[in-house]
There are 2 protein chains.
Amino acid sequence: MKDKRYGRKIYLEDKPRSQALQELLDAFTFERVIEKVPTPEALGRITAAPIYARLSQPHYHASAMDGISVIAEETYGAHEQNPVQLSISNGQFIYVDTGNPIPSPFDAVIMIENVHVVDEDTIEIIEPATPWQHIRPIGEDVVTGEMLLPQGHKLRPVDLGALLGGGVFEVPVTKKPIVSIIPTGNEIVSPSIDVKPGEIIETNGTVFAGYVTDWGGAPVKEEIVKDNPDLIRQVLLTAAEKSDIVIINAGSSAGSKDYTVHIIAEIGQVLSHGVATRPGKPVVLGKIHNTVVIGLPGYPVSAYLAMEWFVRPLICEYLGVAEPEREKLTVKLGRRVISNMGSEDFVRMNIGYVNGQYIANPLTRAAGVTMSMVRADGLLLVPAESLGLEQGEMVELDLYKPLKVINKSILFSGSHDLTIDIISSQIRSQDINRQIISSHTGSMAGLMAIRKGEAHIAGIHLLDPDSGEYNLPFIKKYINDQKLVLLRFLKREQGWIVAKGNPDHVHSVNDLIEKNLNFVNRQKGAGTRILFDHLLKKANLSSESVKGYQREMFSHLSVAAEVKQQEKSVGLGIYSAAKAMDLDFIPIADESYDLLMTASFYESEGGKLLETVLRSKEFKNTVEQLGGYKVIQDFQPYYI
Amino acid sequence: MKDKRYGRKIYLEDKPRSQALQELLDAFTFERVIEKVPTPEALGRITAAPIYARLSQPHYHASAMDGISVIAEETYGAHEQNPVQLSISNGQFIYVDTGNPIPSPFDAVIMIENVHVVDEDTIEIIEPATPWQHIRPIGEDVVTGEMLLPQGHKLRPVDLGALLGGGVFEVPVTKKPIVSIIPTGNEIVSPSIDVKPGEIIETNGTVFAGYVTDWGGAPVKEEIVKDNPDLIRQVLLTAAEKSDIVIINAGSSAGSKDYTVHIIAEIGQVLSHGVATRPGKPVVLGKIHNTVVIGLPGYPVSAYLAMEWFVRPLICEYLGVAEPEREKLTVKLGRRVISNMGSEDFVRMNIGYVNGQYIANPLTRAAGVTMSMVRADGLLLVPAESLGLEQGEMVELDLYKPLKVINKSILFSGSHDLTIDIISSQIRSQDINRQIISSHTGSMAGLMAIRKGEAHIAGIHLLDPDSGEYNLPFIKKYINDQKLVLLRFLKREQGWIVAKGNPDHVHSVNDLIEKNLNFVNRQKGAGTRILFDHLLKKANLSSESVKGYQREMFSHLSVAAEVKQQEKSVGLGIYSAAKAMDLDFIPIADESYDLLMTASFYESEGGKLLETVLRSKEFKNTVEQLGGYKVIQDFQPYYI
């Protein structure tokens with residue numbers, strides 16, 4: 001149901017991001033609230049004022065040694081030839097342990113090792129003491145009135161120790177700004193495994209809340225609100241009253257159901273609607289009374305980025321701390337990045353350290369929306385005035401992962417296989433900083449990635465129809481100037497993936513056409529597609545006669561998911577994918593799935609670890625449990 | 001009371017730190033406990049297993065646009081000259097919004113902008129649709145069965161979104177290891193402002209708990225336990241039963257009251273006692289059943305470092321994550337660092353970016369025990385086989401602060417004045433990343449620091465007795481090859497700091513000697529000491545006749561604290577210090593306290609900000625409220 005009042009189409013601005021932020025910051029004067037928190041509970045909080053010591057540390061003259069405390073003057077002249085005797089009963093010394101107070105008139109400590117005990121009352125020394133030796137004077141560490149910490153300081157464990165020692169048992173800290181998060185939308189539902197077509201599980205609110213927590217704010221997640229302007233208005237007004245910042249998601253764009261901007265204009269003020277960025281453009285920045293209201297788009301990546309651009313600076317401004325910065329890295333672009341003139345483009349990138357340089361590539365299409373933020377190693381900003389960046393250009397990225405992890409990552413390209421996840425997991429359990437970053441690009445693309453030095457390993461299963469041989473003919477044809485190694489570790493079954501019970505009785509490629517079934521195909525260059533084309537050719541059929549041939553899926557699992565979803569459809573793929581989706585599988589052929597790599601990678605630490613995993617019992621067991629696989633453990637590395 | 005059973009002196013080993021750690025890790029097989037946590041509450045937790053998607057994302061074919069959904073085949077042939085009409089009632093199309101499901105048999109979406117509405121039932125198009133255009137197919141983002149995250153992954157906000165979208169509403173995470181912290185010692189008391197001489201406020205336990213929290217463990221702080229072996233044994237046994245790691249503090253050394261090692265040997269096993277490090281040597285590493293027990297020294301810096309060396313790796317091992325690493329920086333040593341052969345020396349350092357290079361110096365004596373960890377910019381490790389490092393050597397440090405903050409820090413050296421804290425605080429409130437790092441070294445040392453390029457600004461008040469002039473004669477004498485600027489912004493009163501009511505009637509330097517009072521002196525090179533020497537000389541008195549002359553305090557506040565503590569004692573210093581300690585003040589003279597800096601610093605961004613603060617009303621008001629100061633705001637920068 002569309003609400004007529006808000007049906008008017010409006011257009012988004014293309015305001016520069018920095019301008020939108022500055023206007024937002026200028027429009028508010030936050031009234032910071034100070035709260036006193038017991039020092040032991042103040043870890044990670046931000047000091048609201050400079051903190052001064054209320055106690056000196058030590059707060060008395062303390063012995064720094066186990067020994068006796070004496071009046072230095074009375075020890076002058078002590079010498080091996082002229083020992084000096086001191087007596088307790090005459091008040092000439094007392095025994096002290098480390099940390100004991102030194103009472104007046106004593107002014108020095110002699111270590112117990114240098115004291116000769118004569119009797120219960122008397123000791124003898126053969127060296128004089130200098131005044132104040134082995135005494136930690138009052139205030140040596142901290143003096144009452146001294147500034148312990150400035151304002152705007154994030155309290156670390158060591159700071160809490162200094163505060164307690166300095167007699168500050170409660171710290172004035174800035175209250176965490178309250179950030180209310182309002183998910184809206186008729187299609188949005190709470191998490192449930194029985195979600196229906198058309199329903200979307202609410203995920204953005206949880207991500208926003210996580211960001212707010214990480215940045216030092218206090219998130220408040222509201223219930224999901226239907227697309228009803230009156231409801232939305234009411235919720236916004238209530239939230240604005242109790243919050244420092246309100247985030248409403250989504251409805252921030254300019255469609256017929258995008259009420260946000262109209263409602264904010266009605267009950268408050270719109271500062272910006274639309275920023276010149278891709279993604280992230282449809283953002284509303286506004287205020288209701290003195291509360292910031294931010295409307296974020298529903299598309300997760302846009303919303304996440306806009307959180308960093310606008311919500312993080314506001315929280316840091318409120319807390320009086322500097323905005324954290326991500327680590328930066330200069331990388332070489334493995335592929336061209338095309339960009340739009342007039343808007344900043346933000347591109348999620350994978351980064352690998354290959355052949356002595358950092359190579360970054362935009363995440364492949366197969367990496368989807370939310371997963372692209374999970375998988376990204378870094379983020380590339382292409383400035384508004386640029387039309388794009390060329391392959392080979394050196395660019396600076398913001399890192400999403402520690403450089404140490406990136407340095408050790410093994411870049412995988414090529415054909416998707418479920419064993420790759422298992423290899424990655426087992427490598428990681430041996431070396432916590434090493435992981436496989438996989439791009440499911442298909443076998444041919446994997447081969448090319450090795451040729452271009454963009455990947456460490458490629459998973460390939462390329463059938464040469466003439467020889468019936470797998471992989472080697474292709475490698476020899478396309479790469480001839482590199483020393484390579486092929487690990488032939490895996491045989492797997494390819495077959496028809498069909499609905500449970502194989503209701504359409506699929507057994508050959510002819511069945512597809514005769515029964516007018518929908519074929520779920522793979523992308524160009526995928527080994528499975530090459531196999532399918534080979535089957536077509538053998539049966540003397542043309543691809544045009546295959547329904548669905550043009551559409552491309554990027555992994556076995558996607559093919560199986562599609563078969564599961566769509567009636568009268570068939571895929572070609574591996575047994576484990578069919579099994580994962582609870583489908584039936586009609587085997588056609590065993591094929592070789594090999595790992596190709598440069599000899600130098602094979603001989604590196606990462607390569608050795610990979611080989612260890614491939615030869616491990618645990619790996620064989622895990623993979624063969626999936627079904628449809630035969631792991632070859634006594635393979636010989638094949639040098640090409 | 002010493003316990004005879006444990007009175008035997010034992011000696012500490014000098015075991016290399018890496019060996020001690022390896023033996024510790026080898027001695028344990030942690031049984032990780034997995035717990036299931038609702039995904040929205042799992043931020044920052046560590047995955048205990050690889051996580052696979054239970055739902056595809058999208059979990060249905062979803063429209064990517066507002067428009068109509070059609071059967072592509074039926075649109076073929078549509079052209080400007082040959083529009084195609086489609087009808088709802090004939091089942092040829094339906095209206096869809098972004099996110100709506102595409103029901104079978106529809107297989108394409110046409111954007112609403114390209115649809116001409118003929119009537120309620122009919123639309124017309126002039127362009128064909130290609131199959132699957134503007135549809136987000138099932139599993140485009142995530143496919144059921146796909147690995148979302150590996151094990152040992154720390155959950156970020158974006159990960160939570162991917163998990164929820166992938167139908168994972170509860171995540172298996174590794175339970176936080178329980179780390180019990182047991183403070184021991186007869187002298188240790190809970191925080192109280194009325195702490196008595198000989199009592200020490202418990203601070204280490206809070207710092208340890210903070211570390212454990214930061215590293216992902218669950219700290220449990222036990223009550224303070226007296227130095228009684230039976231009690232300690234009982235508490236250790238109870239804690240070992242319920243914890244993964246037990247930390248006991250202190251009693252880890254080899255003194256007569258250091259029971260820890262004996263008790264652990266009795267009820268468990270001692271793996272190491274003493275590591276070859278300074279500080280940090282007296283550490284006990286052991287086990288009780290399968291629980292790690294670590295005895296840490298009482299000296300805070302030793303204990304904090306030992307936490308990082310031994311407790312952090314254990315927690316990371318338990319969680320299955322990589323140990324975090326501090327950022328590193330290569331710096332030039334401003335001073336020589338002497339070290340002990342045979343043990344690793346850890347030196348807390350200040351770092352400044354001066355004249356285009358990073359200069360690091362060991363923290364000065366005035367920075368005490370707990371404050372030294374608060375103030376340190378970095379930590380220098382001098383290897384066991386080294387006798388020290390020379391001035392000017394390039395060394396790598398672990399950073400304790402972000403490089404951005406270090407880059408902007410203003411290094412202050414010279415005479416202590418309370419206004420320096422105020423300047424720092426006001427600079428910070430203007431630029432959150434800029435702070436003053438101050439070394440209270442005295443006026444002469446400040447002058448030298450400028451000469452050697454080790455500081456940006458020096459606070460000096462050096463009276464030239466011959467001319468009666470402040471500072472200029474000294475600067476001209478000691479520096480003649482640099483372009484300098486002197487900011488003459490402050491006059492302050494120097495005077496006698498005496499007990500409340502001036503019971504000893506101190507009015508001149510003669511009174512000190514006649515009444516045999518204890519004089520609380522400042523360190524060599526301090527402007528106040530030079531003033532005192534000048535007073536002695538004018539009165540024709542020798543320093544030997546002054547009781548206490550040899551002992552050195554490093555700040556006005558320390559002098560005042562000492563006068564407060566010690567009967568019949570007198571100090572020389574500034575009014576504000578006397579006031580802070582609630583003492584009386586007998587003024588002697590007004591002196592000039594000036595800031596000296598290089599012209600290049602004065603003209604830099606940091607210098608300009610400093611000048612802005614010095615000329616601000618807020619600064620003048622805050623300083624003059626302290627009393628004893630006159631702020632000069634219309635000073636002319638004096639170029640030398």
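Residue numbers begin at 1 in each chain, while the letters A, B, ... track the order of the sequences. Just the heavy atoms: all of them, side chains too, but no hydrogens, waters or symmetry mates, feed the values below. These numbers were taken from a predicted model, which means no experiment stands behind them.
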Handout entry: Distance in Å, Ile193(B) CD1 paired with Ile201(B) CD1, rounded so as to fall on 0.5 Å steps
Key = 7.0 Å

Handout entry: Region of Leu148(A) in contact with chain B, defined by heavy-atom distances below 4.5 Å
Key = both

Practice task
Please state whether the side chain, the backbone, both or neither of Tyr211(A) comes within less than 4.5 Å of a heavy atom of chain B.
Solution key: both

Practice task
Inspect the surroundings of CD in Glu567(A) and state if more than 12 heavy atoms from other residues, nucleotides or ligands are less than 6.0 Å away.
Solution key: no

Practice task
State whether Glu202(A) and Lys221(A) are salt-bridged, where the test is any N-O pair (Lys NZ or Arg NE/NH1/NH2 against Asp/Glu carboxylate O) under 4.0 Å.
Solution key: yes

Practice task
Look at Asn204(B), Leu160(B), Ile138(B) and state which one has the largest set of heavy-atom pairs under 4.5 Å with chain A.
Solution key: Ile138(B)

Problem - Under 3.5 Å donor-acceptor, Ser425(B) side chain and Asp421(B) backbone - result: no

Problem - Part of Gln133(A) within contact of chain B (heavy atom distance under 4.5 Å) - result: neither

Fill in the blank from the handout: Ranked by heavy-atom pairs below 4.5 Å to chain B, first place among Gly44(A), Ala580(A), Gly145(A), Gly152(A) goes to Gly152(A)

Exercise for the section: Under 4.5 Å, counting heavy-atom pairs only, tell me which of Pro40(A), Pro191(A), Gly99(A) racks up the most with chain B. Expected result: Pro191(A)

Completion exercise
So, the part of Met581(B) with a heavy atom under 4.5 Å from chain A: the answer is side chain

Completion exercise
Ranking Phe208(B), Trp132(B), Phe169(B) by heavy-atom pairs under 4.5 Å to chain A gives rank one to Trp132(B)

Completion exercise
Turns out that what part of Lys196(A) lies under 4.5 Å from chain B's heavy atoms comes down to backbone

Completion exercise
Comparing Gln435(A), Glu325(A), Gln57(A), Gln550(A) against chain B, the one with the most heavy-atom pairs below 4.5 Å turns out to be Glu325(A)

Handout entry: Distance in Å, Glu140(B) CD paired with Ser558(A) OG, rounded so as to fall on 0.5 Å steps
Key = 9.5 Å

Problem - Presence of salt bridge, Glu146(A) and Arg375(B), under 4.0 angstrom - result: yes

Exercise for the section: Mind ranking Ala162(A), Pro197(A), Ala49(A) by heavy-atom pairs under 4.5 Å with chain B and telling me who comes out on top? Expected result: Pro197(A)

Practice task
Report yes or no: does Ser56(B) contribute a side-chain atom to a donor-acceptor pair with the main-chain N or O of Gly139(B) at less than 3.5 Å?
Solution key: no

Handout entry: Part of Pro50(B) within contact of chain A (heavy atom distance under 4.5 Å)
Key = side chain

Handout entry: Check: Asp66(B) main-chain N/O paired with Asp97(B) side-chain donor or acceptor under 3.5 Å
Key = no

Exercise for the section: Quick one: pull up CG in Asn100(B) and OG in Ser63(B) and give me the separation to the nearest 0.5 Å. Expected result: 6.5 Å

Exercise for the section: Under 4.5 Å heavy-atom distance to chain A, tell me which part of Ala62(B) shows up: side chain, backbone, both or neither. Expected result: neither

Practice task
Could you tell me which residues satisfy side-chain hydrogen bond (donor to acceptor under 3.5 Å, both in side chains) with Ser576(A), sequence neighbours excluded, listed by chain and number?
Solution key: Tyr629(A)

Handout entry: Contact origin within Ser192(A) toward chain B - heavy atom pairs under 4.5 Å
Key = backbone

Practice task
Output the option from Arg54(A), Glu187(A), Gln151(A) having the highest count of non-hydrogen pairs under 4.5 Å with chain B.
Solution key: Gln151(A)

Exercise for the section: Against chain A, label Gln566(B) side chain, backbone, both or neither, depending on which of its atoms sit under 4.5 Å from a heavy atom there. Expected result: side chain

Handout entry: Exam field: side chain Asp227(A) to backbone Asn186(A), donor-acceptor pair closer than 3.5 Å
Key = yes

Practice task
Flag the one option from Pro101(A), Ser104(A), Gly166(A), Gly198(A) with the top tally of heavy-atom pairs under 4.5 Å to chain B.
Solution key: Gly198(A)

Exercise for the section: Please state whether the side chain, the backbone, both or neither of Thr98(B) comes within less than 4.5 Å of a heavy atom of chain A. Expected result: neither

